[in-house]
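As structure tokens, the structure follows; a few thoughts come after it.
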Amino acid sequence: MLRFAQTLDRQLGAALERAFPEAAAAAIAAGRRLDPQLAAASKPEFGDFQANGALALAKSLKQAPRQIATALLAELEADPAFAALCLPPQIAGPGFLNLTLRPEVLAAELRRRLGDARLGVPLVEGQSAAARPPVIVDFSSPNIAKEMHVGHLRSTIIGDALARVLEFRGHPVLRLNHVGDWGTQFGMLITHLKQVAPEALSTADAVDLGDLVAFYRQAKQRFDADEVFQATAREEVVKLQSGDPVSRRAWQLLCDQSRREFEQIYGRLDIRLSERGESFYNPYLAAVVADLEAAGLLVVDAGAKCVFLEGMQGKDGNPLPVIVQKSDGGFNYATTDLAAIRYRFAAPPAGDGASWVIYVTDAGQAHHFAGVFQVARRAGWIPEGARVEHVPFGLVQGDDGKKLKTRSGDTVRLKDLLDEAVERCEADLRRRLAEEERQEDESFITQVATTVGLAAVKYADLSTNRITNYQFSFDRMLALQGNTAPYLLYAVVRIAGIARKGGDLGGGAAAAFPDLLQYSEPQEWTLVRELLKLDTVIAEVEQELLPNRLCSYLFELSQVFNRFYDQVPVLKAEPAARASRLALCRLTADTLKLGLGLLGIATLERM
RNA sequence: GGGGCUGUAGCUCAGCCGGAUAGAGCGACGGUUUCCUAAACCGUAGGUCGUGGGUUCGAGUCCCGCCAGCCCCGCCA
């Protein structure tokens, strides 16, 4: 619908200018234009689009809205290009102009998409993909020596979905895993291990990740309680950061251990990610401080080197600092984030040369990023026209509305969460098979349970607006009805069923379908219109970085399809109708597969 | 104390640049199966959009105040 919207906006704008030449000239002189305010129709009975401009213009034109709409209508009807696109428009309510695309225009657009692997979604304009500067999506970012938990789940899934959408649009995307592999935590952990389990620091696989997590917890407790330990740990950090070989070796072992565990999760979730941890930026930390010093932004306060923020105040009304070098000479996470931003925007080969950097982290870090972005901007590290943004998300909560925990009060391990989703799916599937007296082999059951279980977890996370906290519930996400992954997957399965029963879906080519598609039923037209919205929705997701918009669309498409499937026969229809309906099935399946694919969700032929 | 986010049906959530009578799903109640997988479909009930002002032809949406919940606020990340 994007193409139509653009064309109509132009035609309506021109019609307004013809109807009100003086007002149009005045608007243009003021650097504006008479805006027809074209929008998607708010209800199906209003057609495809509505123009709200007449209401807004009433005051400045000193005319009644309906009068303006009438004048606009007259100009539009005189435009043959418009008449070829739309049925005669209707003036409705206080002065809305309702526009309905001609059926043959819709059918032709649908036909066009049957032969298009991109289903009508355009590539970004501009240079070829190879010449374009990269977009960096920074997501997932677990910590070494800790297990991944639900918090990482959100970042991982949302980041992956956004990266997939941007890639599909033709952006070269650099997916970066900014793992926490540096800093005070390692000082703590290495100091503790040296004392209680030195073998873990010299021998690969001497301890597994579970042990490491326990050691980490003990180390943290000692760090918080014991000043002597704290001092030793800080010294250990300095040793590590200055490249002491023993510390380096210990650190490397710890990282390898954790990395293997992370890779398993990413593999299961089908997520591709380039690891570039905090340690990567270690060589650049001193330069960050030097740059800030040279730019005159550094202030030493209580022994720490700080940049004070403009427009952000702390407790006593004083400006908030971003500390870039601690009083003990060490660097902290803000320094690392500044080094990262500096490197990512710097021109190659000294950096990534990015044009857009997206950080997918929890909303609690909003202040931190606002501060870091401001410092980076004032230091001149963000080029003109480049974009840098924090894409925040809310907490994962339990049924009690508090941060999700296990019954014993621990954080929920991601691995356990995924296992449980798949197990629950499998149990449900086995029960269903028994009820329906279906026989399926074990590999089918495993495949379906795995696909549906992981799809459910991902979809539940992606389908709410990311900024709000969301309540985690296996029962809801695995429900077979409603706005859930199983419901969407089932729609794909139904279409696969039609193909199995002899429906020719064209096998990837458009040639199987007639040039003139013909529809008569309202359910068919509703489905046609829904299918044609894909390009608009993708553009919106890219603009707003909100995957839930894509989820809503896919859910609505599935609902519309299920109504069609229920009420309109396909295989038993007479030949002309049958071919046109098969085209709808084919495009629905393609759209669902593409859309779910962009969410990182795999589909099934049977379930 | 300062700042951020959130508050919409019993529950979980949508709601796009301010547009027409506020939308889903679940749950509740009532229906639909000689037909492409009923993991579906159809219908009914359910709302003072936290609250009080303001801006506007028009406010769930924008502005201000207040209330409630969550989060952040100097050397952890």
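Naming convention: chains lettered A, B, ... in sequence-line order (proteins, then strands); numbering from 1 in each chain. No hydrogens, no waters, no symmetry mates; every other heavy atom, side chains included, goes into these values. For clarity, every value in this text was computed on a predicted model and none was experimentally measured.
- Nucleotides B:U56 and B:G43 place their P atoms 42 Å apart, quoted to the nearest Å.
- The phosphate of B:C76 (OP1 or OP2) has a side-chain N or O of A:K326 nearer than 4.0 angstrom.
- Within the structure, the ring-ring contact (aromatic ring centres under 6.0 Å, His included) test picks out the following pairs touching residues 318-337 of chain A (sequence neighbours left out): A:Y333-A:H368.
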Would you check, one step at a time, whether the test side chain to side chain contact (heavy atoms under 4.5 Å, CB included) holds for A:L604 with A:V492? CA-CA 7 Å; A:L604 295 160; A:V492 177; over 6 Å; no

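- Comparing the P positions of B:C26 and B:A22 gives a spacing of 22 Å, expressed to the nearest Å.
- Within the structure, no pair that satisfies the salt bridge (charged side-chain N to carboxylate O under 4.0 Å, His left out) test touches residues 551-567 of chain A, not counting sequence neighbours.
- When the P atom is compared between B:G10 and B:C71, the two are found 26 Å apart, to the nearest whole Å.
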As a check on the pairing definition, encode RNA chain B in dot-bracket form, counting Watson-Crick and G-U wobble pairs whose two distances are under 3.5 Å, and using | for partners outside this strand. (((((((..((((.....[...)))).(((((.......))))).....(((((..]....))))))))))))....

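- When each of A:V493 and A:F308 is assigned the nucleotide of RNA chain B with its nearest heavy atom, A:V493 is the one assigned upstream, toward the 5' end.
- Rounded to whole Å, the separation between the P atoms of B:C70 and B:G31 comes to 45 Å.
- A:M148 has its CE atom 20 Å from the P atom of B:A77, to the nearest Å.
- As a whole-Å value, the separation of A:L488 CG from B:A24 C1' is 13 Å.
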What are the atom names and distances for every N/O pair under 3.5 Å that joins the protein to nucleotides 27-36 of chain B?
| from | atom 1 | to | atom 2 | distance (Å) |
| --- | --- | --- | --- | --- |
| B:C35 | O2' | A:K572 | NZ | 3.4 |
| B:C36 | O2' | A:I498 | N | 3.3 |
| B:C36 | O2 | A:L571 | N | 3.3 |
| B:C36 | N3 | A:V570 | N | 3.4 |
| B:C36 | N4 | A:Y565 | O | 2.4 |
| B:C36 | N4 | A:V568 | O | 3.0 |

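- The stretch residues 464-491 of chain A participates, sequence neighbours left out, in these salt bridge (charged side-chain N to carboxylate O under 4.0 Å, His left out) pairs: A:R424-A:D475.
- Around CD of A:Q439, the count of heavy atoms belonging to other residues, nucleotides or ligands within 6.0 Å does not exceed 12.
- Whole-Å rounding puts the A:D362 CG to B:G4 C1' distance at 13 Å.
- Following rounding to the nearest Å, A:R234 (CZ) and B:C75 (P) show an atom-to-atom distance of 9 Å.
- One can place CD1 of A:I323 at 14 Å from C1' of B:A77, the figure rounded to the nearest angstrom.
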Report all side-chain donor-acceptor pairs from residues 319-326 of chain A shorter than 3.5 Å, counting only partners two or more places apart or in another chain.
| from | atom 1 | to | atom 2 | distance (Å) |
| --- | --- | --- | --- | --- |
| A:Q325 | NE2 | A:G329 | O | 2.8 |

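- Counting non-hydrogen atoms of other residues, nucleotides and ligands closer than 6.0 Å to CD of A:E227 gives a total of 12 or fewer.
- When the C1' atom is used for both B:C16 and B:G54, the distance is 25 Å, rounded to whole Å.
- Among the protein residues, A:A304 comes within range of the nucleic acid bases, having at least one heavy atom under 4.0 Å from a base atom.
- With a glycosidic angle more than 90° from 0, B:C66 adopts the anti conformation.
- Within a 6.0 Å sphere centred on CD of A:Q374, heavy atoms belonging to other residues, nucleotides or ligands number more than 12.
- Contacts classified as side-chain hydrogen bond (donor to acceptor under 3.5 Å, both in side chains) and involving residues 54-70 of chain A (residues at least two apart or in different chains) are not found.
- Under 4.0 angstrom from either OP1 or OP2 of B:C41 there lies at least one side-chain N or O belonging to A:Y487.
- Residue A:L309 is classed as having no contact, given no heavy-atom separation below 4.0 Å to the nucleic acid.
- By the 4.0 Å N-to-carboxylate-O rule, A:K533 lies close enough to A:E530 to be salt-bridged with it.
- A distance of about 31 Å separates the C1' atoms of B:C75 and B:G69, rounded to the whole Å.
- Distance check on atom P: B:G3 versus B:C49 gives 28 Å, rounded to whole Å.
- For residues 453-463 of chain A, the pairs satisfying side-chain hydrogen bond (donor to acceptor under 3.5 Å, both in side chains) are A:R154-A:D461, A:Y459-A:N483, A:D461-A:Y470, with sequence neighbours left out.
- A:P486 comes within contact range of no nucleotide atom at all, as no heavy-atom separation falls under 4.0 Å.
- For A:L320, counting side-chain heavy atoms from C-beta on, the closest listed nucleotide (B:C73, B:G74, B:C72) is B:C73.
- Counting non-hydrogen atoms under 4.0 angstrom, A:E278 reaches the backbone sugars and phosphates but no base.
- Remark: side-chain polar atoms of A:N98 are not paired, donor with acceptor, to backbone N or O of A:G47 under 3.5 angstrom.
- For the side chain to side chain donor-acceptor pair (under 3.5 Å) test, no residue two or more places apart in sequence or in another chain qualifies with A:Q37.
- Within the nucleic acid shown, A:G180 has no heavy atom closer than 4.0 Å to any nucleic acid atom.
- Here A:Q559 lies in heavy-atom contact (under 4.0 Å) with sugar-phosphate atoms only.
- The closest donor-acceptor contact from the side chain of A:T335 to the backbone of A:N332 lies under 3.5 Å.
- Atom name C1', nucleotides B:G65 and B:U55: the rounded distance is 15 Å, in whole Å.
- Atom CZ of A:F555 and atom P of B:G23 are 16 Å apart (whole Å).
- A:A54 and A:G95 make their closest contact through CB-O, 3.5 Å (heavy atoms, listed as atom of the first residue, atom of the second, distance).
- For A:K59, taking side-chain heavy atoms from C-beta onward, the closest of the listed nucleotides B:U56, B:G74, B:G25 is B:U56.
- Applying the salt bridge (charged side-chain N to carboxylate O under 4.0 Å, His left out) rule to pairs touching residues 573-582 of chain A yields A:E524-A:R581, sequence neighbours excluded.
- Taking 3.5 Å as the limit, the base of B:C76 and the side chain of A:T184 contain no donor-acceptor pair of atoms between them.
- Judged by closest nucleotide on RNA chain B, A:A366 is the one of A:E436 and A:A366 placed further toward the 5' end.
- When the side-chain nitrogen and oxygen atoms of A:N562 are compared with OP1 and OP2 of B:C41, one or more of them lie within a distance under 4.0 Å.
- Computed from coordinates, the A:Y333 OH to B:C75 P distance equals 9 Å when rounded to whole Å.
- Here B:A77 presents its P atom at 16 Å from NE2 of A:H149, a figure rounded to the nearest Å.
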Reading nucleotides 10-22 of chain B 5' to 3', which nucleotides get B (base under 4.0 Å from a protein heavy atom), which S (sugar-phosphate only), which -? --SSSSBS-BBS-

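- For A:F96 and A:F46, the ring centers sit 6.0 Å or farther from each other.
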Taking only N/O atoms, report every protein-nucleotides 60-64 of chain B pair under 3.5 Å with atom names and distance.
none

